[in-house]
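Residue numbers run from 1 in the order of the sequence given. Note that these values count all heavy atoms, side chains included, but never hydrogens, waters or copies made by symmetry.
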Amino acid sequence: MSPFDRLVRIADRLAVVKAGSAVANRTIHQAIGRSGPAPPYTTDEAAARTLLPPGFEWVIATHSAGRVYAPCRRSGRDADTLPFPHHGQWGRTLPLSMCGAAMRAWAKVVKG
């Protein structure tokens, strides 16, 4: 499985899980090449905010029907007339959706 496919697969899984976990945190941590103990990315918003690749920024999240959409984009895109391209994901919690969006951003980076 390519790094791109692995990151997208992780994001897809994060979109459907009900809660974060230590296993998910370790999987994310390893997938983006970080070492040491994995922070609680999937349960803590502050930890999830640290996941973006360099040159990306968070955009305001949207809440609807008990789910959260967390988008991110390359920094400096706010001058565009449209908010695209961006990477985002729906999830049951803000940290889970942020983790999924970050995995999609990393997938774009590794794909080039």
Side-chain angles (χ1 to χ4, degrees):
M1 178 181 305
S2 73
F4 173 84
D5 292 332
R6 183 163 191 255
L7 291 162
V8 170
R9 189 173 187 171
I10 292 167
D12 288 346
R13 180 72 179 131
L14 291 167
V16 297
V17 297
K18 293 181 182 180
S21 69
V23 171
N25 297 331
R26 282 191 303 273
T27 300
I28 291 166
H29 201 65
Q30 292 170 352
I32 60 174
R34 293 186 178 170
S35 60
Y41 301 122
T42 58
T43 57
D44 181 70
E45 180 184 346
R49 286 192 176 281
T50 69
L51 287 173
L52 288 182
F56 281 76
E57 64 187 3
W58 291 108
V59 185
I60 297 171
T62 301
H63 299 261
S64 179
R67 306 224 354 129
V68 183
Y69 184 77
C72 63
R73 63 182 176 203
R74 291 202 182 266
S75 298
R77 299 297 302 205
D78 57 339
D80 292 348
T81 57
L82 294 173
F84 300 103
H86 77 275
H87 307 280
Q89 179 156 311
W90 287 97
R92 291 187 183 248
T93 67
L94 181 58
L96 285 172
S97 60
M98 291 172 76
C99 289
M103 294 301 95
R104 292 184 190 287
W106 277 104
K108 176 61 178 169
V109 169
V110 300
K111 190 171 184 180

Undergrad: What heavy-atom pair brings Gly20 and Thr43 nearest, and what distance separates the two atoms?
TA: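 Closest approach of Gly20 to Thr43, heavy atoms only: CA-CG2, 3.9 Å.
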Undergrad: I need the minimum non-hydrogen distance between Gly88 and Ala101, along with the two atoms involved.
TA: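 Shortest heavy-atom separation between Gly88 and Ala101 comes out as CA-CB, 3.8 Å.
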Undergrad: Can you measure from NZ (Lys108) to NE2 (His87) and round to the nearest 0.5 angstrom?
TA: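 Taking NZ in Lys108 and NE2 in His87, the distance rounds to 6.5 Å.
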Undergrad: Does Val17 have any side-chain contact (heavy atoms from CB on, under 4.5 Å) partners at least two apart in sequence or in another chain, and if so, which?
TA: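 So Val17 forms a side-chain contact (heavy atoms from CB on, under 4.5 Å) with Arg13, Leu96.
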Undergrad: Looking at every heavy atom in both Ala105 and Cys72, which two are closest together, and how far apart are they?
TA: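 Heavy atoms of Ala105 and Cys72 come nearest at CB-SG, 3.8 Å.
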Undergrad: To the nearest 0.5 Å, how far apart are CD in Glu57 and CG in Leu52?
TA: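 Nearest 0.5 Å value for the CD-CG distance: 9.0 Å.
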Undergrad: Look at the side-chain heavy atoms of Ile, Leu, Val, Met, Phe, Trp and Tyr, link any pair under 4.5 Å apart, and say whether Val59 and Phe56 land in one connected group.
TA: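 Not linked; separate clusters.
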Undergrad: What about Val8 and Ile32, same hydrophobic cluster or not, with Ile/Leu/Val/Met/Phe/Trp/Tyr joined at side-chain heavy-atom distances under 4.5 Å?
TA: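 Yes; tracing contacts between hydrophobic side chains, which count when under 4.5 Å, links both residues.
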Undergrad: Could you check whether any side-chain N or O of Trp106 sits under 3.5 Å from a backbone N or O of Leu51, counting only pairs where one atom can act as donor and the other as acceptor?
TA: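 Yes.
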Undergrad: Looking only at heavy atoms, what is the nearest atom pair of Pro95 and Ala48, with distance?
TA: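 Minimum heavy-atom contact is O-CB, 4.1 Å.
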Undergrad: Please report the shortest heavy-atom distance between Pro71 and His86, naming the atom on each side.
TA: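 For Pro71 versus His86, the nearest heavy atoms are CB-CD2, 3.6 Å.
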Undergrad: If every non-hydrogen atom of Trp58 is compared with every non-hydrogen atom of Met98, which pair is closest and at what distance?
TA: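 That would be CH2-O, 3.2 Å.
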Undergrad: Tell me every residue that passes salt bridge (charged side-chain N to carboxylate O under 4.0 Å, His left out) with Arg6, counting only those two or more places apart in sequence or in another chain.
TA: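 Result, salt bridge (charged side-chain N to carboxylate O under 4.0 Å, His left out) vs Arg6: none returned.
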Undergrad: Scan residues 18-44 for pairs that pass ring-ring contact (aromatic ring centres under 6.0 Å, His included), counting only residues two or more places apart or in two chains.
TA: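 Qualifying pairs, neighbours excluded: His29-Tyr41.
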Undergrad: I'd like to know if the side chain of Thr42 reaches the main chain of Asn25, judged simply by a donor and an acceptor atom lying under 3.5 Å from each other, with no hydrogens or angles considered.
TA: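 No, because the side chain of Thr42 does not come within donor-acceptor range (under 3.5 Å) of the backbone of Asn25.
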Undergrad: One thing to verify: whether Asp12 and Arg104 come together as a salt bridge, which I'm taking to mean a side-chain N less than 4.0 angstrom from a carboxylate O.
TA: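 Salt bridge flag = yes for Asp12 with Arg104.
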Undergrad: Where the side chain of Gln89 meets the backbone of Ala11, is there a donor-acceptor pair that is under 3.5 Å apart?
TA: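 Answer holds: yes.
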Undergrad: Taking atom OG1 of Thr50 and atom CG of Asp44, what is their separation to the nearest 0.5 Å?
TA: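 Output value for this atom pair is 9.0 Å.
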Undergrad: Using the ring of each side chain (for Trp, its six-membered ring), is Trp90 parallel, tilted or perpendicular to Tyr69, with breaks at 30° and 60°?
TA: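 Taking Tyr69 first and then Trp90, their aromatic rings sit tilted (interplane angle of 30° to 60°).
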Undergrad: Quick one: pull up CE in Met103 and OG1 in Thr27 and give me the separation to the nearest 0.5 Å.
TA: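 Rounded to the nearest 0.5 Å, the CE-OG1 separation comes to 10.0 Å.
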Undergrad: Hey, does Leu14 have a side-chain heavy atom less than 4.5 Å from the side chain of Ile28?
TA: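 In short, these two side chains touch, coming nearer than 4.5 Å.
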Undergrad: Would you compute the distance between atom SG of Cys99 and atom CZ of Arg49 and round it to the nearest 0.5 angstrom?
TA: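 Atom-to-atom, Cys99:SG and Arg49:CZ are 11.5 Å apart.
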